[in-house]
Each structure stands twice: as structure tokens, then as C-alpha cells.
Amino acid sequence: MQLSREQMLQAYRRMKIIREFEERLHIDIATGAIAGFTHLYCGQEAVAVGVCEHLDTDDKIVSTHRGHGHCLAKGCDVDGMMKEIWGSREGLCKGKGGSMHIADVDVGMLGANGIVGAGAPIAVGAALAAKLDGKGKVAITFSGDGACNQGTTFEAMNMAVVTKAPCIFVFENNHYSEHTGFEYAVGTQQDIASRAEAFGMKVWRADGTDFFAVHETMRELLDYVRAGNGPASVEFDTERFFGHFEGDPQRYRGEGELDRIRETRDCLKKFRQSVVSAKLLTDADLDTIDAEVLDQIEAAVVAARAAPRPTPEDVLADVYVAY
Amino acid sequence: MAKMMYRDAVRSTIFEAMERDERVVVLGEDVVGGMGTAGGPEAIGGIWSTSTGFYDAFGPDRVIDTPISESAIVGAAGGLALAGKKPIAELMFADFIGVSLDQIWNQIAKFRYMFGGKSTCPAIIRMAYGGGFNAAAQHSQSVHHFLTAMPGLKVVMPSTPEDVRGLLREALRGDDPVIFLEHKALYGVTGEVPDGDWTIPFGHARLTRAGQDLTLVATGLMVSRCEAAADALAKDGIGCDVIDLRTTSPMDEEAILDSVEVTGRLVVVDEAPQRCSLATDISALAAQKAFASLKAPIEMVCAPHSPVPFALELEQAYLPSAAKIEAAARKVLGYR
């Protein structure tokens with residue numbers, strides 16, 4: 001299905017925001033301006049955006065420890081995200097969550113997660129709520145090739161099938177769980193999706209570095225799930241441009257591997273090539289977005305740097321609604 | 001005022017909540033029972049008979065019979081709660097929380113805090129705990145102490161049918177995650193339950209016996225054992241305060257301290273082993289905040305530092321008894 005010019009411009013802008021948001025984090029973490037553990041999503045933008053462009057705020061997503069891209073794609077506020085990662089009390093989670101636990105329930109983003117594999121059962125619950133409401137809404141859980149080996153993921157897949165929950169298991173295979181290769185850690189060695197097939201789910205597979213492939217696959221998959229067929233799964237083959245965490249020296253990478261994937265498997269480059277060669281958009285259209293996004297990220301950093309810090313009195317706030 | 005069994009208090013309170021509030025959803029292993037069998041749905045109605053008739057009344061979208069998947073059950077309860085429902089998940093035996101601990105401890109207990117207070121997670125996780133059935137080490141444990149140690153959770157331990165009703169209603173009206181611990185040995189206990197729509201606020205202990213000489217503090221099944229010890233001591237003219245905490249998080253510190261300031265003597269009774277337990281927590285509270293009132297060292301009557309044993313004689317030796325509580329009380333009273 002052909003996307004409109006506006007849809008393509010929006011998708012590119014969202015992917016570019018994720019890319020520049022994180023390229024900037026990469027610098028600010030390296031200089032010590034940002035504290036804590038941060039796991040960058042760069043390289044996988046086509047998956048988050050290709051999935052979330054189909055969703056509205058009543059559709060829920062549950063994310064991973066590599067969650068910035070999912071948050072931004074689902075519509076979390078850029079300034080609020082940046083402030084949260086800088087630890088400000090004006091952050092999206094008032095500086096309580098940080099990079100690994102960003103959430104915004106108001107936009108249907110039920111949390112990044114510091115525990116690998118923890119998200120899938122939560123998404124099943126959100127999907128059961130959607131089923132109960134009967135409005136054709138869905139819940140999506142993102143998992144990597146690391147999370148696909150956790151028992152929680154299997155429990156969640158089976159329970160979703162048993163209860164016919166409108167839950168979508170999106171596997172982003174970036175070939176690395178932490179510092180360990182997919183070929184070693186995933187016993188099937190071929191793919192992850194076959195596991196979902198074993199639980200009785202209909203499964204799709206697509207190139208996660210091709211925005212249009214992701215978008216079209218999700219359109220089919222969502223039509224299937226929203227029609228009341230129960231859960232489904234999809235595996236996207238994608239790339240991780242940075243290490244497991246920021247500061248990871250990535251000694252496990254092959255010779256020239258990072259340069260090669262940046263050159264041939266960059267979803268933003270591939271998007272630009274395909275829309276420009278098909279004369280759907282011009283380089284000038286995309287260059288304009290690039291410039292605007294860079295300004296937006298710079299403004300977000302300036303705001304985050306200046307934003308108020310939490311005070312010690314904030315430590316005990318929001319443990320309970322009322323105790 | 002009606003007489004009601006503890007298990008029926010659980011069942012009827014949830015049933016009424018489901019009638020009143022369509023956001024209330026029940027899920028767990030065999031909460032329907034018989035799914036996928038020749039017997040069909042409602043062949044069991046929950047292994048504790050606490051969900052009998054729910055499926056027929058509310059259907060499969062609100063009474064969700066799950067596979068044996070504790071992590072998925074608790075996680076799904078969390079997801080349901082974040083998505084605006086009021087899930088009541090049953091974990092069957094409290095011992096099984098080990099399997100789902102991440103979802104309890106790192107997920108539902110922490111959502112609100114990590115998300116900056118912008119969400120609530122009103123999930124109720126029910127589980128049967130405690131010894132007395134020769135069910136041995138993996139089906140008899142008391143787990144309240146380490147759940148109480150987890151910020152973000154509220155921990156409830158009703159000891160009577162009346163408390164089941166009042167505390168469960170309170171849990172359903174709140175917006176925090178609640179661990180609701182039902183003692184297996186209490187399911188068959190009958191008691192008076194007042195009519196009408198009332199609740200018991202969390203953090204308010206119940207004084208079940210009043211006296212000037214000694215303070216006994218307990219939860220769950222141990223409350224009646226303290227009462228039996230107090231009644232025996234009363235025959236010798238010794239008066240005991242027996243405090244049923246009802247909830248361990250929040251905990252009614254004031255009730256404990258007020259009593260100890262009068263009696264000067266404290267015995268804490270806990271069904272779990274003593275190390276890092278609720279008993280040591282309460283003892284530390286009294287030592288810190290009522291030190292000047294204490295006339296004797298604090299005694300703790302707890303399980304030994306071992307798994308729960310199987311054999312009849314061993315389990316009886318393991319669990320705190322009224323006789324052990326009475327002996328500890330006399331030791332404290334005899335201190336000079």
C-alpha cells in the first residue's frame with residue numbers, strides 16, 4: 001500500500017529524531033554529562049517507527065532496556081525524554097526511571113524495562129484488557145534476540161495463544177544479546193519466529209532495516225490481529241550500531257563490521273535512497289527535516305541541561321498512591 | 001450479621017466486586033478449573049473454592065483460566081492494571097512466587113515509582129500461605145517478611161472472615177499493588193461478618209485481647225495461637241494485649257508501641273524463620289522507639305531456620321504453638 005507524502009515525511013522525521021536523539025546521547029554520555037547505564041537503539045529505527053506509525057494512544061506497547069526508539073516512535077515527548085535521561089525532576093518520569101524505565105501510560109507506552117524478557121507478560125495483560133474492551137486495540141511487546149531466550153517470553157506467548165489475547169510479539173533480531181552472538185545463544189540458529197510458530201501463532205518475517213517492509217508487514221499483521229484472530233508474531237532482521245551499553249568497547253565485533261552495516265544496512269539511508277530514486281520525495285525535503293531535527297535535539301539538550309534537579313525530598317514520592 | 005467461612009468471605013467479596021465494577025478481572029491457574037477437560041468449565045471452581053461460579057457469571061474475558069505460568073500471571077495482572085483494569089490474580093500457593101518474583105518485585109511493585117507517579121498499578125495478587133497440612137517445604141511457607149521488605153507493595157494477612165471482607169474491599173478500592181495472603185489453615189474457619197458496605201483501612205491493627213502485663217504481636221494463623229496463650233495466662237491473673245497486625249505493609253507501629261509503653265514486655269510471634277523476619281523487624285522497632293519502657297528482653301517465637309518439614313511430628317515442632325508462646329511469655333514475665 002502506497003503511503004502518502006505526509007506519512008512518509010512523518011515516518012522519516014520520527015526515525016531521524018530517534019537517530020539524532022541517540023547520536024547526541026552517545027556524545028553526552030562519553031563526556032560524562034549523563035550518568036547511568038544507557039543502551040542505544042540506533043540502527044533499529046525502522047522497526048520502532050514502522051510498527052508504531054500504525055498505532056494510536058489506545059494501543060499499548062511494552063519496551064526493552066533499549067527503549068528510547070520505541071518511546072519516541074510511540075509519541076513520548078522529546079524534551080521529556082531528554083530531561084528524564086539527564087535525571088531532571090521535569091523528566092517524563094520525574095527523574096525516577098532514567099533511560100531504562102521510561103514510560104508514558106498516557107500515550108500507551110507501558111515502560112521500557114531493565115529486566116530482559118520482563119515485558120512480554122505485561123503486554124499480554126494489556127492485550128487482555130484490550131480484548132475485554134472490545135474496541136480492536138492491541139498490545140505490542142518488543143523483544144530482542146536476548147529476551148527470546150527468557151522463560152517469561154515463552155510463558156507469555158503460550159498464555160496469549162490460550163487466551164486469544166490481541167498481543168503482538170515483535171522480535172528485533174540485531175544479532176547480539178549483550179555481547180553474545182545470535183548464532184551461539186539462540187538454539188534454533190535459524191530464526192526466532194519459528195518459536196512463535198511452535199506456540200501456534202501466525203508469524204511474519206521481514207527486513208528490519210527497510211522501513212517500507214516493516215510498515216507493510218505490520219499492516220498485514222495488525223489487520224489479522226485486530227480482526228480477532230488472537231496473537232501474532234513477527235521477526236525483523238536488524239542492526240545495532242552501538243554496543244550493548246554506552247561505553248561498551250565492542251571487541252566482539254568483526255573486522256569492519258560496524259562500517260559495513262552503517263554503509264549498507266542503515267535504515268535511514270535506505271529510506272532516503274528508495275524514496276528519492278522513486279521520486280516520491282526529494283533530497284531537499286529530507287535535508288530540511290534533518291536540519292529541523294538537529295535543531296530540535298539541540299534545544300532538548302539545552303532544556304535538559306537547564307532543567308531543575310530532583311531534591312532529596314523527592315525520594316519518597318510516588319512509592320504508593322496512598323500509604 | 002451473618003456467619004461466614006473465611007474462604008466464602010474471599011469468594012463473595014470478589015464476586016460482589018465483579019458485579020459492582022466491570023474493571024475487576026480474575027486470573028490464575030484453575031480459577032475456573034476443568035477448562036479443556038471432559039468435565040468442562042467450573043468442574044473445579046478454583047482449588048481453594050474461592051472462585052466457584054465466577055466463570056458462569058462473568059465469562060472467559062473476566063475470569064481468565066491460565067496455564068501454569070506464574071510469571072505470566074503476575075505480569076499480565078500488571079499489564080491489565082496499567083491498562084485500566086482491576087486484576088485479582090491467584091498464585092495458588094505462596095511458595096510459587098519464586099517463579100514470578102521478577103514480575104512482583106521489579107515490575108508491579110516499582111511501576112508507579114519508576115514512571116514518576118504518573119501511573120497506578122492496582123493489581124491484587126492473592127496466594128495461600130502457611131503450614132499445618134504436612135505439605136512440606138515447597139507448599140507450606142510463610143513469605144510475608146520478604147514481600148513486606150519490598151517498597152511499593154502492600155501486604156495483607158487477614159486472620160478472620162470479617163478481616164478478609166474488610167481488607168479485600170479496601171484493596172479493591174485502592175490503586176496500589178496488594179499482596180493478599182490467605183492462610184490455608186484458616187479457609188475453613190467460620191466467623192461473624194457484619195452486613196453492609198464497610199472496609200478496614202490498611203495499617204490499623206486489631207486488639208483481640210487487652211491486658212496490662214504483656215504485649216503479644218502476631219499475624220494470620222498465629223493470632224489465634226496468641227489468643228490461646230493469652231487465655232491460659234489469664235487463668236494466672238496475667239493480662240495480655242494481643243495485637244493482630246492485619247497488614248504488615250503498612251504496619252501499625254503505633255499500636256505496638258502504645259501497648260509496649262504500658263506493658264513493658266513484648267513477645268513477637270512469626271510463622272516464618274526468625275532471621276531477617278517480621279519478628280526481628282518489630283523487635284527492632286520496639287528497641288528503637290520504646291526502649292525506656294521495656295522491662296525485659298524482647299522474645300521472639302518463630303519457626304526454626306529450616307525449610308518446613310513434612311512429617312506430622314516435625315511440622316508440629318516447626319510451627320509456633322500456643323504452648324511455646326506461653327512459655328516465652330512466662331520467661332519475659334519472670335525477667336528481673
Side-chain angles (χ1 to χ4, degrees), chain A residues 60 62 84 89 91-98 100-106 108 110-115 117-134 137 139 141 150-152 154-160 162-165 167 316-323, chain B residues 22-23 25 27 35-36 59-62 64-85 87 89 99-100 102-103 105-123 151-154 174-177 201-203 249-250:
Chain A
K60 317 288 190 197
V62 180
E84 184 61 29
R89 68 181 318 203
L92 211 51
C93 302
K94 299 184 188 167
K96 295 284 184 60
M100 272 191 288
H101 312 104
I102 299 184
D104 187 351
V105 173
D106 289 342
L110 306 189
N113 211 306
I115 309 294
I122 299 162
V124 173
L128 288 169
K131 184 179 171 217
L132 189 50
D133 290 336
K137 295 299 164 189
T141 178
Q150 288 278 19
T152 40
F154 300 142
E155 286 194 21
M157 285 198 284
N158 186 58
M159 199 153 110
V162 166
T163 58
K164 292 191 165 52
C167 187
L316 275 172
D318 300 318
V319 181
Y320 299 92
V321 178
Y323 193 58
Chain B
E22 62 183 23
R23 294 174 302 159
V25 175
L27 69 160
M35 296 295 280
D61 286 350
R62 291 183 67 198
I64 304 165
D65 203 281
T66 67
I68 299 175
S69 301
E70 284 80 7
S71 290
I73 293 165
V74 178
L80 278 156
L82 287 178
K85 305 301 176 194
V99 178
S100 62
D102 176 65
Q103 294 291 336
W105 177 46
N106 276 323
Q107 310 300 329
I108 68 168
K110 294 182 167 72
F111 282 147
R112 180 169 176 75
Y113 193 78
M114 293 189 303
F115 299 174
K118 293 181 188 168
S119 68
T120 57
C121 184
L153 298 177
K154 290 177 176 173
D175 275 325
D176 288 308
F202 292 167
S249 182

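Values below: every heavy atom of this structure, side chains too, minus hydrogens, waters and symmetry copies. Chain naming here is simple, since letters A, B, ... match the order of the sequence lines and numbering starts at 1 in each.
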Exercise for the section: Kindly determine whether B:Arg112 and A:Val319 satisfy side chain to side chain contact (heavy atoms under 4.5 Å, CB included), including the steps that lead there. Expected result: CA-CA 6 Å; B:Arg112 180 169 176 75; A:Val319 181; over 6 Å; no
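- For the pair A:Met159 and B:Ala76, the tightest heavy-atom approach, listed with the atom from each and the gap, is CE-CB, 3.7 Å.
- Options A:Ile102, A:Val62, A:Leu132 differ in how many heavy-atom pairs under 4.5 Å they form with chain B, and the most are formed by A:Leu132.
- Only the backbone of A:Ala317 has a heavy atom closer than 4.5 Å to any heavy atom of chain B.
- Chosen from A:Val162, A:Asn113, A:Asp106, the residue pairing most often with chain B at heavy-atom distances under 4.5 Å is A:Asn113.
- For the atom pair A:Lys60 NZ and A:Thr141 OG1, the distance stands at 15.0 Å (nearest 0.5 Å).
- Looking at A:Asp104, there are no atoms closer than 4.5 Å to chain B (heavy atoms on both sides), in backbone or side chain.
- Only the side chain of A:Val105 has a heavy atom closer than 4.5 Å to any heavy atom of chain B.
- Interface check for chain A: of the options B:Ala83, B:Gly117, B:Pro250, the most heavy-atom pairs under 4.5 Å are formed by B:Pro250.
- Between chain A and the options B:Pro60, B:Ser69, B:Pro151, B:Pro122, heavy-atom pairs under 4.5 Å are most frequent for B:Ser69.
- Contact annotation: the side chain of B:Ser249 never approaches that of B:Leu153 to less than 4.5 Å [non-hydrogen atoms, C-beta and beyond].
- Top candidate by heavy-atom pairs under 4.5 Å with chain A, chosen from B:Phe202, B:Phe111, B:Phe115, is B:Phe115.
- Legend: salt bridge (Lys or Arg N to Asp or Glu O under 4.0 Å) pairs involving residues 67-85 of chain B, not counting sequence neighbours, sorted by first then second residue: A:Asp133-B:Lys85.
- Residue B:Ile64 touches chain A through its side chain alone, counting heavy-atom pairs closer than 4.5 Å.
- Crowding of B:Lys118 atom NZ: a count of heavy atoms from other residues, nucleotides or ligands under 6.0 Å exceeding 12.
- With B:Gln107 contributing its side chain and B:Gly75 its backbone, the two residues share no donor-acceptor pair below 3.5 Å.
- Both the backbone and the side chain of B:Asp175 come within less than 4.5 Å of a heavy atom of chain A.
- B:Ile108 does not touch chain A: none of its heavy atoms, backbone or side chain, sits under 4.5 Å away.
- Looking at B:Val74, there are no atoms closer than 4.5 Å to chain A (heavy atoms on both sides), in backbone or side chain.
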Atom pairs and distances, donor-acceptor, side-chain atoms in residues 118-131 of chain A, under 3.5 Å, two or more places apart:
unit_1: A:Lys131; atom_1: NZ; unit_2: A:Thr163; atom_2: O; d: 2.9
unit_1: A:Lys131; atom_1: NZ; unit_2: B:Asp61; atom_2: OD1; d: 2.9

